[in-house]
Amino acid sequence: MFKITVLPGDGIGPEVTAGALRVLRAVQKRTGVEFVTREALFGGGAYDQTGTPLPEETLRQCLDSDAVLLGAVGGPKWDNLPVHLRPEAGALLPLRKKLEVYANIRPSVVFSSLADASTLKREVVEGLDIVVVRELTGGLYFGAKRREELSEGGVRVVETLEYTTGEIERVARVAFELARKRRKKLTSVDKANVLESSRLWREVVSGLAGAYPDVELNHMLVDNCAMQLVRNPRQFDVLVTENMFGDILSDQASQLTGSIGMLPSASLGGKVGLYEPIHGSAPDIAGQNMANPIATILSVAMMLRYSFSLDDAAGLVEQAVNTVLEEGYRTADIMQPGMRPVGTMEMAELVAEKVEKS
Ligand code: NAD
């Protein structure tokens, strides 16, 4: 039996998590493994009800689970709150920190039936299967910040970028281990020609290479990497990088697959893993049964694999998604001429039925 805390959040979050839970129930039926799920308040909705985007009770419940499934948070309604009360800064970042999930794993896989849905040419993206490992609890996003009015007029801001050897080493190890189980190629991305933090990053990652002689390591500057990701993305296997570079590069990598609505993520390192689609709360399509639930469904597959070691069950979910796409079903974001349009819950239902019948 596995205990899962579900944080539906805001916007399309409740819709995509409902779809993913439908698929989880199918996995339970198919495998006999029991999943006990409990929802908790999180994000803008939590702020409206309790005055804080991350209630103590939610945090306690997450820490007491085997895994956490998160939809998305945020929306225009909460954009003007003080920073510490906004859904992302006040809930998402502290949750990641409290769960000590320092390694964010974001696969970008192009399903062959969707190769034409990418904005890049089929021959550039077909068969793409890469993973970005992003450091998640350090760097600029967590450093001290300051804003001051200048006496001569205007404003001065200071952001602090800090990393320790230990913080770099632990996320690099996750990336080496992952590369070892895949095509054994690791690209470490930094800006070592300019930043001291990147020079330490490169030193530490290079220092670990001896422990992974089977993994081929190379280093790439982040600006070159951004260019290579659209020029020839299949040259990569696993990429590892610091928090802000990873934030940007993983969104860029996501677009190679056709839609941000396809991409799952796992955040690991602490006792409890956190699983979430990489997209946000998409207020523009919320409540319209239009959101693609596949990113959240594939996040459940990652949960089965990484938190529960149920590799076969994860494979069932991934295969079911593939089959439904092969059969031509599409949500609006991945729609192509001649395909069969479906809404959020219908897509989830189709995947769940495939899992049950597999
Ligand atoms: P977004 O990811 O919510 O949306 C970007 C675009 O992608 C929109 O056009 C949206 O309709 C589309 N999209 C996103 N997910 C989709 C899905 N599953 N199916 C179909 N289309 C999808 O990013 P944004 O618009 O920059 O941000 C909206 C809100 O989400 C903001 O408040 C932001 O702060 C928040 N946000 C939250 C998270 C998170 O919870 N992890 C991440 C990013 C942004």
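Each residue takes its place number in the sequence, starting with 1.
With respect to E326 and K354, no salt bridge is recorded, no charged nitrogen being found less than 4.0 Å from a carboxylate O. Ion pair K145/E159 flagged as a salt bridge, since at least one NZ, NE, NH1 or NH2 atom sits closer than 4.0 Å to an Asp/Glu carboxylate oxygen. Between R173 and E169 there is a salt bridge, with a side-chain nitrogen of the basic residue lying less than 4.0 Å from a carboxylate oxygen of the acidic one. Ion pair R96/E276 flagged as a salt bridge, since at least one NZ, NE, NH1 or NH2 atom sits closer than 4.0 Å to an Asp/Glu carboxylate oxygen. With respect to D79 and R86, no salt bridge is recorded, no charged nitrogen being found less than 4.0 Å from a carboxylate O. A salt bridge links K191 with D223: the distance from a Lys NZ or Arg NE/NH1/NH2 to an Asp or Glu carboxylate oxygen falls below 4.0 Å. Between D251 and R106 there is a salt bridge, since a side-chain N of the basic residue sits under 4.0 Å from a carboxylate O of the acidic one. Checked for salt-bridge contact, K77 and D10 miss the test: no charged N lies under 4.0 Å from a carboxylate O.
Distance check: M335 CE to M290 CE gives 12.0 Å after rounding to the nearest 0.5 Å. L298 CG to R305 CZ: the interatomic distance, rounded to the nearest 0.5 Å, is 10.0 Å. Residue R122 holds its CZ atom at 7.5 Å from OG of S112, rounded to the nearest 0.5 Å. Here I248 contributes atom CD1 and N243 contributes atom CG; the two are 10.0 Å apart, rounded to the nearest 0.5 Å. Rounding to the nearest 0.5 Å places OG of S118 at 12.0 Å from CE of M262. From F308, atom CZ reaches atom CE of M302 across 13.5 Å, with rounding to the nearest 0.5 Å.
A donor and an acceptor atom, one from each side chain of Y163 and E135, are located under 3.5 Å apart. With no hydrogens or angles considered, a side-chain donor-acceptor pair links Q235 and Q228 at under 3.5 Å.
At a threshold of 4.5 Å between non-hydrogen side-chain atoms, the residues R340 and R330 do not count as touching. Between I4 and L24 there is a side-chain heavy-atom pair separated by less than 4.5 Å. Between L186 and D237, every side-chain heavy-atom pair lies at or beyond the 4.5 Å cut-off.
A 6.0 Å sphere centred on CD of E123 holds more than 12 heavy atoms belonging to other residues, nucleotides or ligands. Around atom CD of E57, more than 12 heavy atoms belonging to other residues, nucleotides or ligands sit under 6.0 Å away. For CG of N232, the number of neighbouring non-hydrogen atoms (other residues, nucleotides, ligands) closer than 6.0 Å is greater than 12. K184 NZ: more than 12 foreign heavy atoms inside a 6.0 Å radius. Other residues, nucleotides and ligands contribute more than 12 heavy atoms inside 6.0 Å of the CZ atom of R170.
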Yes or no on salt bridge (charged side-chain N to carboxylate O under 4.0 Å, His left out) for R146 and E148, after CA distance, side-chain angles and deciding distance? CA-CA 7 Å; R146 208 171 63 237; E148 58 197 52; 3.1 Å; yes
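The aromatic rings of F35 and F2 lie parallel to each other, their planes meeting at an angle below 30°, with 60° marking the opposite boundary.
For T5 (side chain) and S65 (main-chain N/O), no donor-acceptor pair under 3.5 Å exists by modelled atom type. Although no hydrogens or angles enter the test, the distance criterion places no donor-acceptor pair under 3.5 Å between the side chain of T50 and the main chain of Y47. Of the possible donor and acceptor atoms, one in the side chain of R182 sits under 3.5 Å from a partner among the backbone N and O of D129. Listed for the Q252 side chain is no donor-acceptor partner under 3.5 Å among the backbone atoms of S254. Formation of a donor-acceptor pair under 3.5 Å by the N322 side chain with backbone atoms of F111 is not found in this model. Judged by distance alone, with hydrogens and angles left aside, the side-chain atoms of Q319 form no donor-acceptor pair with the main-chain N or O of L316 at under 3.5 Å.
Of the residues listed (D190, T241, T187), the one engaging M220 in a side chain to side chain contact (heavy atoms under 4.5 Å, CB included) is T187, and it is the only one.
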